[in-house]
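Naming convention: chains lettered A, B, ... in sequence-line order (proteins, then strands); numbering from 1 in each chain. Keep in mind that the numbers below use all heavy atoms, side chains included, and drop hydrogens, waters and symmetry copies.
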There are 2 protein chains.
Amino acid sequence: MTEFVTYQGDALARLAELPSEHYDAVITDPPYSSGGTFRSDRQQATGQKYTQTGEKKNPFSDFPGDNRDGRSFLYWMTLVLSETYRVTKNGGTIALFTDWRQLPTVSDALQAAGFVWRGVYVWDKTLAARPRKGYFRQQAEFVVWGSKGPLPAKPELPALPGLTTCSVNKGGRFHQTGKPVELMKAIVQVCPEGGTVLDPFMGSGSTGVACGELGRKFHGIEYTDHYHEVARERLAQAFQ
Amino acid sequence: MTEFVTYQGDALARLAELPSEHYDAVITDPPYSSGGTFRSDRQQATGQKYTQTGEKKNPFSDFPGDNRDGRSFLYWMTLVLSETYRVTKNGGTIALFTDWRQLPTVSDALQAAGFVWRGVYVWDKTLAARPRKGYFRQQAEFVVWGSKGPLPAKPELPALPGLTTCSVNKGGRFHQTGKPVELMKAIVQVCPEGGTVLDPFMGSGSTGVACGELGRKFHGIEYTDHYHEVARERLAQAFQ
DNA sequence: CCCTTCTATGAATCGTGCT
DNA sequence: CAGCACGATTCATAGAAGG
């Protein structure tokens, strides 16, 4: 039996084909549709939007689905999370990355889809974040997490911290918004050992790499051919 | 001229008596009306609610205004923040403490009152929070911050970090939900030196103590006689 | 030509991690 | 070991496109 499976295609379409009540945990980093006060800012290609002017050419391939406005982001997230709810085991955990701007919307979508909202996990990106004189840095990203129904006791697992301090790892990134594997290993531990984690927005597959290193099975979905291929290579290595 | 002023009474009533466009920053920690998934949980006295069963007798006096449900909390916060908006200078900053559960509601109220939402500051309470096997701790509290209109440049101020790590008990507490002065000193720096900070829910006055230590003027409002008196004593010391 | 909408460009901030 | 590039940015402005 293979320890990881990947699907290439639209998250909503592929989710619909997955079996009900199968996954112990869903851990994912959807497109934020954030970045900028104005609609025109949000509609830029991701390579422009998340890159400082005057920077050297952005080495990452663009990714789609990052330009919805507030209402349609909520609508679409609710659709995706409703399918996600179906495929999650009772008592299973869901964890969704988001930035400060979309945090309220993500918590709404999570609850609209039927999950119980349980908390907010914090990723402290350290002082590498952009500074501004007289104002606070945007130094953290957030993980909105919850459960399908009541929380089962998990006496075999350790108590998990609610915050990770971890700088954005520039060297080891394969995607513009890629997360450090160290961070993902902290989060993947909500899944019991030997259980299966699903990531419907796999990107370059850091969630899966963390699963491989910690003895969890992994299923992932990715839309772009490019990142799907990158992820398969990294997963093959992590699960060998 | 006195460097600090306190008012005893209801926040909404006292705010209505303050002059328009007077304050450089509003920094406050309103009653969260959180604490519990169920209505019956929220209706307990604060001394019970925020104390673990079996703990020694809670030494803090109860405080009111902590038992609103979701809709009325939003309505009431919007009323308070609308008055707050009036008394804030153009380009002034607002910073509101909240827990994860009320963060979306607080950001709604802040925007409904007319402020521009600018970000989320994180207070890492460290591992003092209660652990749970297999789940994340609630390790952080949050500060939703924003501005009245566009952000003026503040070249005279340093760039501020977006996160403070600071244990709850550091430096002694005078109120059940009292904040460490060290934390408040990090936040008070959004106000230019010599400027004036308002705290409509002063509690035991930690915001004001931080202002005293960092050369900002301070005005505070507190409902209960007991905490108003505690705050006055601490302020007299900090501003001498 | 007026008005709205979209696109492109440029400046600024500082600790960290890579070269 | 000393520099240097960089950040899921923010804000302002100028010009092009379209009706």
Using atom CH2 of Trp117(B) as one end and atom P of dT9(D) as the other, report the distance to the nearest whole Å. 13 Å
Give a yes/no answer on whether the side chain of Lys125(A) brings an N or O atom under 4.0 Å of OP1 or OP2 in dA8(D). yes
Donor/acceptor link under 3.5 angstrom from Lys179(A) side chain onto base of dA8(D): yes
Interatomic distance where CZ belongs to Arg173(A) and P belongs to dA5(D) [whole Å]: 18 Å
Rounded to whole angstroms, how far apart are CZ on Arg132(A) and P on dA12(D)? 9 Å
Ion pair Glu182(A)/Lys185(A), N-O distance below 4.0 Å: no
Options dT13(C), dT10(D), dA12(D), nucleotide nearest the side-chain atoms of Lys133(A): dT13(C)
From dC11(D), dA8(D), dT13(C), pick the nucleotide closest to the side chain of Pro131(A)? dT13(C)
Atom CD of Gln176(A) and atom P of dC6(D): how far apart are they, to the nearest Å? 12 Å
Mind checking if Trp100(A) touches a base, just sugar-phosphate, or nothing, with heavy atoms under 4.0 Å? sugar-phosphate
Donor-acceptor side-chain pairing of Gln8(A) and Thr6(A) below 3.5 angstrom: no
Rounded to the nearest 0.5 Å, what separation is found between the CD1 atom of Ile187(B) and the SG atom of Cys211(B)? 11.0 Å
For residues Phe174(A) and Tyr227(A), determine if any side-chain heavy atom of one lies less than 4.5 Å from a side-chain heavy atom of the other. no
Atom CG of Leu157(B) and atom C1' of dA12(C) are separated, to the nearest Å, by 16 Å
Return the nearest nucleotide to the side chain of Ser167(A); candidates are dT16(C), dA8(D), dT10(D). dT16(C)
Any idea which of dA8(D), dT16(C), dC11(D) is nearest the Ala128(A) side chain? dT16(C)
Is any side-chain heavy atom of Tyr135(A) less than 4.5 Å from a side-chain heavy atom of Leu157(B)? no
Can you tell me if Arg234(A) and Ser206(A) form a side-chain donor-acceptor pair at under 3.5 Å? yes
With ring centroids as reference points, do Trp76(B) and Phe201(B) lie under 6.0 angstrom apart? yes
Among dG15(C), dC11(D), dA8(D), the one nearest Leu127(A) by side-chain distance: dG15(C)
When you measure from the side chain of Arg101(A), which nucleotide among dG15(C), dT10(D), dA8(D) comes out closest? dT10(D)
Take atom CZ of Arg130(A) and atom P of dT16(C), then tell me their distance rounded to the nearest Å. 16 Å
Pro30(A) near the nucleic acid: base, sugar-phosphate alone, or nothing, with a heavy-atom cut-off under 4.0 Å? base
Under 3.5 Å for both distances, Watson-Crick or G-U wobble, that's the pair rule; now give the dot-bracket for DNA chain D, with | marking pairs to another strand and [ ] for crossing ones. .||||||.|||||||||||
Can you check the Gln138(A) CD to dC14(C) C1' distance for me, whole Å? 16 Å
P-based separation of dA8(D) from dC18(C) [nearest Å]: 15 Å
Out of Thr93(B), Val120(B), Leu96(B), which residue meets the side chain to side chain contact (heavy atoms under 4.5 Å, CB included) rule with Trp145(B)? Thr93(B)
Tell me: CG of Asp99(A) to P of dT9(D), nearest whole Å? 6 Å
